[in-house]
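Below, chain A is the first sequence line, B the second, and so on; all start at residue 1.
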Amino acid sequence: MLRVEHEIARKILDYRELIKLKNTYVDVLPTLISKRTGRIHTSFNQAVAATGRLSSVNPNLQNIPIRTPRGQEIRKAFVPRGPEFLIMSADYSQIELRIMAAFSGDKTMLDAFNNGVDIHTQTASKVFHVGLDEVTSDMRRKAKTINFGIIYGISSFGLSQRLKIPRKEAAQIIEEYFAGFPAVKDYIDQCIEKARGFGYAETILGRRRYLRDINSRNQTDRMFAERNAVNAPIQGSAADMLKIAMIRIHEFMLQERLKSKMILTVHDELVFDAHRDEIEFLSVRVDDIMKNAIPMAVRMETGIGVGENWLLAH
DNA sequence: AATTTCACG
DNA sequence: ACGTACGTGAAATTA
């Protein structure tokens, strides 16, 4: 029996969560506080991730817990430098799906974003053939999984596993998705075709990811490369956008001689140690720079939060 | 040294 | 018949 509801299974999972958080974060991070600065300093790799993302090592500050209550207690430990400062977090909302909308030019998806319609609700409406106001929370949750699948390179098997439904049902849902967003289907096919021809996929700024298995006779290798051909331009263009924004924000902060500092980047998020008196100005400028870093055929949205610690800044 | 597990986007 | 969601890093376990 694979029932997570059984007491022992729940206890094991609970124990694993606890041990993970203790061993990886609670026992380690305090030992990494610099004597000189009183802070934890990470290093960013700029040439490790195949898509052009940064990665963070020694320690990795891009995987600080947030999803569980106990994990959130750890995130709360990240605080500003002093009483005159607050943590400010600015993140892109649905950046990868927005890029998918812009690249594919899918009218329904673009309209949803440009009119402020919740994208997962929009997807649920199309896939389950109900009105936008008839989408239930369960339908929206499933649509969210589907949308992630689209970005990652979907298969009926993969979707069936994650939704815990029969494979045939998953295949049906994928069909409905492509019927509802036909330009997305065309875009995905185009990504793969281009990669077959060139031997690489590229981002909006021209960063290439070479895909040596794109024409492989080994089906598993080839299909993996095909998913990369779809995902790399999206994930990589999001990385391009955030990096452009970071450069411009850094320049602006120098020009303005701000006391605030940009202290961390987490794929679609920037974190600031922000002086209380600068927050109004800083947030407006950061928001503007992020939204306009790379103009696309879709409106970019950001979420900005401020708080006494990193958790509260969300 | 390679694999597994699990933390994040 | 096969094997299956994208990108990472760290700690523990296996070999």
Side-chain angles (χ1 to χ4, degrees), chain A residues 12-29 31-32 42-68 70-75 78 89-97 99-100 144-163 167 170-171 173-174 177 188 191-192 195 201 203 207 209 211 213 216-242 264-271 303 310-311 314:
Chain A
I12 290 170
L13 292 173
D14 191 61
Y15 169 79
R16 283 189 187 167
E17 180 197 334
L18 216 50
I19 217 73
K20 177 74 171 186
L21 296 178
K22 178 178 185 294
N23 290 342
T24 307
Y25 305 100
V26 177
D27 288 350
V28 178
L29 291 178
T31 72
L32 299 174
T42 186
S43 298
F44 290 104
N45 287 312
Q46 297 201 73
V48 167
T51 55
R53 277 185 172 183
L54 303 185
S55 83
S56 164
V57 292
N58 293 316
N60 182 356
L61 292 186
Q62 294 184 326
N63 70 345
I64 299 303
I66 194 172
R67 290 173 188 169
T68 67
R70 283 186 290 231
Q72 291 179 0
E73 290 301 310
I74 294 168
R75 189 163 283 233
F78 290 79
S89 165
D91 66 290
Y92 283 109
S93 163
Q94 303 294 353
I95 186 172
E96 294 188 349
L97 282 172
I99 288 173
M100 172 68 92
K144 197 172 173 179
T145 301
I146 296 162
N147 278 332
F148 272 107
I150 292 299
I151 292 167
Y152 295 157
I154 204 162
S155 76
S156 59
F157 180 89
L159 188 64
S160 71
Q161 295 286 297
R162 274 160 189 79
L163 290 181
R167 199 173 64 259
I173 286 176
I174 293 169
Y177 180 93
I188 288 171
C191 279
I192 294 168
T203 69
R207 179 188 295 106
R209 176 172 186 176
L211 299 166
D213 291 331
S216 172
R217 271 74 65 208
N218 181 311
Q219 186 185 240
T220 303
D221 293 348
R222 187 178 64 252
M223 287 178 72
F224 188 33
E226 288 174 357
R227 293 196 294 275
N228 290 158
V230 176
N231 177 261
I234 296 171
Q235 187 180 122
S237 296
D240 289 349
M241 191 181 292
L242 188 68
L264 192 60
T265 170
V266 194
H267 310 309
D268 65 354
E269 174 189 13
L270 299 176
V271 183
W310 194 6
L311 181 68
H314 272 92

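- Distances were taken from every side-chain heavy atom of A/Asn23 (C-beta onward) to each of C/dA10, C/dA11, B/dG9; the shortest belongs to C/dA11.
- Here the CZ-CG distance, from A/Arg70 to A/Leu21, works out to 7.5 Å after rounding to the nearest 0.5 Å.
- Here C/dG7 is the nucleotide among C/dG7, B/dC8, C/dG3 with the atom lying nearest to any side-chain atom of A/Arg209.
- Distance check on atom P: C/dA5 versus B/dA1 gives 28 Å, rounded to whole Å.
- Regarding contacts with the backbone of C/dG9, a side-chain N or O of A/Ser55 is found under 4.0 angstrom from either OP1 or OP2.
- Summarising the geometry, atom CG belonging to A/Asn147 is positioned 5.0 Å from atom CG belonging to A/Leu97; distances are rounded to the nearest 0.5 Å.
- The distance between atom OH of A/Tyr152 and atom P of C/dT8, rounded to the nearest whole Å, is 12 Å.
- Put simply, the side chain of A/Thr42 gets close to the backbone of A/Val57: a donor and an acceptor are under 3.5 Å apart.
- Atom OH in A/Tyr25 sits roughly 8 Å away from atom C1' in B/dC6 (whole-Å rounding).
- Which of B/dT5, C/dC6, C/dA5 sits closest to the side chain of A/Arg16 comes down to B/dT5.
- The distance from atom CZ of A/Arg167 to atom C1' of C/dG3 is 12 Å, rounded to the nearest whole Å.
- For the pair A/Ile99 CD1 and B/dG9 C1', the interatomic distance rounds to 13 Å; values are reported in whole Å.
- Of the candidate nucleotides C/dT4, C/dA12, B/dA7, B/dA7 has the atom nearest to the side chain of A/Asn63.
- Between the CG atom of A/Leu21 and the P atom of C/dA12 there is a distance of 13 Å, given to the nearest Å.
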>> Pair A/Val271, A/Phe78 - check side-chain contact (heavy atoms from CB on, under 4.5 Å), show working.
In response: CA-CA 11 Å; A/Val271 183; A/Phe78 290 79; over 6 Å; no
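- For B/dG9, the OP1/OP2 oxygens have a side-chain nitrogen or oxygen of A/Arg67 closer than 4.0 Å.
- Distance from the side chain of A/Val48 is smallest to C/dT8 among C/dT8, C/dC6, B/dA7.
- Heavy atoms of A/Val230 sit nowhere under 4.0 angstrom from any nucleic acid atom.
- At a threshold of 4.0 angstrom between heavy atoms, the contacts of A/Ile66 are confined to the sugar-phosphate backbone, with no base atom among them.
- The separation of B/dT5 from C/dA1, taken at their C1' atoms, amounts to 29 Å, rounded to a whole angstrom.
- Evaluation of atom-type donor-acceptor distances gives no pair under 3.5 Å for the side chain of A/Gln62 against the base of B/dC8.
- Nucleotide C/dC2 holds its C1' atom 17 Å from the CZ atom of A/Arg217, rounded to whole Å.
- For A/Asn58, taking side-chain heavy atoms from C-beta onward, the closest of the listed nucleotides C/dT4, B/dC6, C/dA10 is C/dA10.
- For A/Thr51, whose side chain is taken as the heavy atoms from C-beta onward, the closest listed nucleotide among B/dA7, B/dC6, C/dG7 is C/dG7.
- A/Ala239 comes within contact range of no nucleotide atom at all, as no heavy-atom separation falls under 4.0 Å.
- Within 4.0 Å (heavy atoms only), A/Ile64 reaches sugar-phosphate atoms of the nucleic acid but no base atom.
- Side chain of A/Lys20, nearest nucleotide from B/dC6, C/dG7, B/dG9: B/dC6.
- As rounded to whole Å, 14 Å separates atom C1' of B/dA7 from atom CD of A/Gln72.
- Mapping A/His267 and A/Gln219 onto DNA chain C via the closest heavy atom, the residue that lands nearer the 5' end is A/Gln219.
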> Would A/Tyr25 and A/Asn63 satisfy side-chain contact (heavy atoms from CB on, under 4.5 Å), going step by step from the backbone distance to the final call?
Replying inline: CA-CA 10 Å; A/Tyr25 305 100; A/Asn63 70 345; 3.5 Å; yes
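- The backbone N or O of A/Ala239 lies less than 3.5 Å from no partner atom in the side chain of A/Arg53, so there is not a single donor-acceptor pair.
- When distances are taken from the side chain of A/Arg227 to each of C/dC6, B/dA7, C/dG9, the shortest belongs to C/dC6.
- Here A/Ser56 lies in heavy-atom contact (under 4.0 Å) with sugar-phosphate atoms only.
- Rounded to the nearest 0.5 Å, atoms NE2 (A/His314) and CD (A/Gln72) are 10.5 Å apart.
- When the P atom of C/dG3 is taken as reference, atom CZ of A/Arg222 falls 14 Å away, rounded to whole Å.
- For C/dC2 and B/dA7, the C1' atoms lie 31 Å apart once the distance is rounded to whole Å.
- Residue contacts shown for A/Thr145 include a base, since a base heavy atom lies under 4.0 Å away.
- C/dA1: no Watson-Crick or G-U partner with both key distances under 3.5 Å is found in any strand.
- Between A/Asn228 and C/dG7, a side-chain N or O to OP1/OP2 separation shorter than 4.0 Å is present.
- Across C/dG9, C/dG7, C/dG3, the shortest atom-to-atom separation from the side chain of A/Phe224 is found for C/dG7.
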